[in-house]
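Everything numeric in this text was worked out from a predicted model, so none of it was measured. Counting starts at 1 for both ligands and their atoms, in listed order.
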Amino acid sequence: MTTADRPPTRWALAGDGTSGYGRCFGRLVADGTDVDGEARLADSLLARGGRVLDLGSGMGRVAAALAARGHDVVATEPDEALRAQSRATYPDLEVLPHEALALDAEEVGRFDLVVAVGNVMVYLGEGTERAVLSHVRSLLAPGGRVLVGFHPRSGPAGARDYAPDELAEDARSSGLRVDHRFGSYELHPPADDYCVFVLSAAG
Ligand SMILES: C[S@@+](CC[C@H](N)C(=O)[O-])C[C@H]1O[C@@H](n2cnc3c(N)ncnc32)[C@H](O)[C@@H]1O
């Protein structure tokens with residue numbers, strides 16, 4: 001898929017409908033509320049000092065928490081307002097402006113873990129899910145894994161419904177294997193309202 005063919009992300013299409021995300025997490029971080037659940041699970045999937053890609057890093061909370069745990073984190077976030085919020089909240093965290101399919105392995109390297117949490121998967125451009133998963137696979141270091149988490153239905157404004165079985169099928173078609181599915185970042189059993197997958201390269 002060339003740059004010209006790429007449809008806009010559902011996040012971009014939702015416009016102001018998504019502004020609550022930045023405000024909400026800004027408030028939670030300012031209040032000292034725990035927003036590190038995704039990062040704790042990601043950390044447990046990594047050896048110390050792992051290379052991590054936070055795809056769709058938003059206001060930066062997950063990438064910053066992983067960097068604070070000693071990992072070498074590359075964060076990327078196409079939404080300019082969220083990059084500005086991320087810079088203001090976590091000044092030490094560098095954030096690339098790249099959309100997933102624009103990430104070049106020669107530029108960013110390969111990763112022990114790619115994190116696409118907090119509903120990134122339900123905000124990708126329409127019809128790009130397999131292309132993004134396949135591209136993510138190409139960015140994995142040997143033994144690398146992918147952590148995704150999203151609301152499969154009735155998610156936030158502008159998000160698509162994405163049944164867990166469809167995600168699993170898309171992952172398989174993209175050269176990834178489903179290692180685990182959970183219902184939360186605290187590893188509850190698979191549930192209807194949230195799904196967390198750990199994926200790795202097949203074969
Ligand atoms: C709800 S926010 C989650 C942000 C962050 N991961 C978190 O959990 O706090 C969803 C993010 O997905 C990003 N996104 C959607 N499609 C993307 C794509 N194709 N490449 C990179 N990021 C994307 C959006 O820009 C948005 O910041």
Side-chain angles (χ1 to χ4, degrees), residues 1-3 5-30 33-43 52-68 73-90 93 95-104 107-108 111 113-139 146-152 154-160 162 167 170 174 184-185 194-197:
M1 199 175 282
T2 67
T3 313
D5 296 337
R6 261 176 237 150
T9 66
R10 288 185 166 85
W11 182 266
L13 288 174
D16 285 349
T18 58
S19 61
Y21 157 79
R23 272 201 309 278
C24 171
F25 277 102
R27 245 189 337 262
L28 292 173
V29 169
T33 305
D34 171 35
V35 292
D36 290 359
E38 294 91 335
R40 278 193 294 273
L41 177 54
D43 180 55
V52 185
L53 171 65
D54 186 0
L55 181 64
S57 56
M59 55 76 70
R61 66 192 178 98
V62 179
L66 286 167
V73 181
V74 173
T76 187
E77 173 50 59
D79 181 321
E80 192 175 352
L82 287 179
R83 283 201 308 281
Q85 181 177 356
S86 183
R87 267 195 307 278
T89 313
Y90 307 106
L93 179 71
V95 183
L96 301 173
H98 300 46
E99 187 274 328
L101 292 168
L103 287 166
D104 177 358
E107 183 191 348
V108 296
F111 299 93
L113 184 68
V114 177
V115 172
V117 295
N119 283 320
V120 172
M121 291 306 297
V122 288
Y123 278 117
L124 301 178
E126 186 176 351
T128 65
E129 291 83 357
R130 289 186 182 196
V132 168
L133 287 165
S134 176
H135 193 56
V136 162
R137 185 198 183 284
S138 76
L139 295 173
V146 186
L147 177 66
V148 302
F150 60 92
H151 287 96
S154 308
R160 64 164 290 192
Y162 201 172
L167 180 288
D170 286 347
S174 310
S184 75
Y185 297 103
Y194 203 79
C195 64
V196 173
F197 282 95

>> For Ser134 versus Ser174, what's the shortest heavy-atom pair and its separation?
In response: N-CB, 3.6 Å
> Has Val117 got any heavy atom lying under 4.0 angstrom from an atom of ligand 1?
Replying inline: yes
> To the nearest 0.5 Å, what is the distance between OH (Tyr90) and CZ (Arg61)?
Replying inline: 8.0 Å
> Which residue supplies the protein heavy atom nearest to atom 8 (O) of ligand 1, what is that atom called, and how far is it?
Replying inline: Arg61 NH2, 2.8 Å
>> Within ligand 1, which atoms have a heavy atom of Pro78 less than 4.0 Å away?
In response: 21 (C), 22 (N), 25 (O)
> For ligand 1, is there an N or O atom under 3.5 Å from any N or O atom of Met59?
Replying inline: no
>> With a heavy-atom distance limit of 4.0 Å, tell me whether Glu77 approaches ligand 1 through its side chain, its backbone, both, or neither.
In response: side chain
>> Within the 4.0 Å heavy-atom shell around Leu82, which atoms of ligand 1 are there?
In response: 27 (O)
> Near Ser57, which atoms of ligand 1 are under 4.0 Å from a heavy atom of that residue?
Replying inline: 5 (C)
> So is Glu99 polar-close to ligand 1, meaning N/O to N/O under 3.5 Å?
Replying inline: yes
> For atom 24 (C) of ligand 1, which protein heavy atom lies nearest, and how many Å away is it?
Replying inline: Trp11 CG, 3.5 Å
> How far is atom 3 (C) of ligand 1 from its nearest protein heavy atom, and which residue and atom name does that atom have?
Replying inline: Gly118 O, 3.2 Å
> Should the pair Phe150 and Phe197 be assigned to parallel (<30°), tilted (30 to 60°) or perpendicular (>60°) ring geometry?
Replying inline: parallel
>> Can you report which non-hydrogen protein atom sits closest to atom 9 (O) of ligand 1, along with the distance?
In response: Tyr21 OH, 2.5 Å
>> Restricting to non-hydrogen atoms, name the atom on His151 and the atom on Pro156 that form the minimum distance, rounded to 0.1 Å.
In response: ND1-CD, 4.4 Å
> Any N/O of Thr9 closer than 3.5 Å to an N/O of ligand 1?
Replying inline: no
> Do you know the tightest heavy-atom contact between Ala64 and Leu93?
Replying inline: N-CD2, 4.1 Å
> Would Asn119 and Tyr21 count as having a side-chain donor-acceptor pair, cut-off 3.5 Å?
Replying inline: no
> Tell me: protein heavy atom nearest atom 20 (N) of ligand 1, and distance?
Replying inline: Ala100 N, 2.9 Å
>> Looking at every heavy atom in both Asp36 and Asp34, which two are closest together, and how far apart are they?
In response: N-OD1, 3.0 Å
>> Counting C-beta onward and ignoring hydrogens, is there a side-chain heavy-atom pair between Asp54 and Leu66 closer than 4.5 Å?
In response: no
> Of the non-hydrogen atoms in Thr18 and Ala157, which two are nearest, and what is the gap between them?
Replying inline: CG2-O, 4.0 Å
>> Are the side chains of Leu103 and Leu53 in contact, using a 4.5 Å heavy-atom criterion?
In response: yes
>> As an exercise, identify every atom of ligand 1 less than 4.0 angstrom from a heavy atom of Tyr123.
In response: 15 (C), 16 (N)
> In the protein, which heavy atom is nearest to atom 14 (N) of ligand 1, and how far is it?
Replying inline: Val120 CG1, 4.2 Å
> Relative to atom 5 (C) of ligand 1, which among Gly56, Gly125, Ala81 owns the nearest non-hydrogen atom?
Replying inline: Gly56
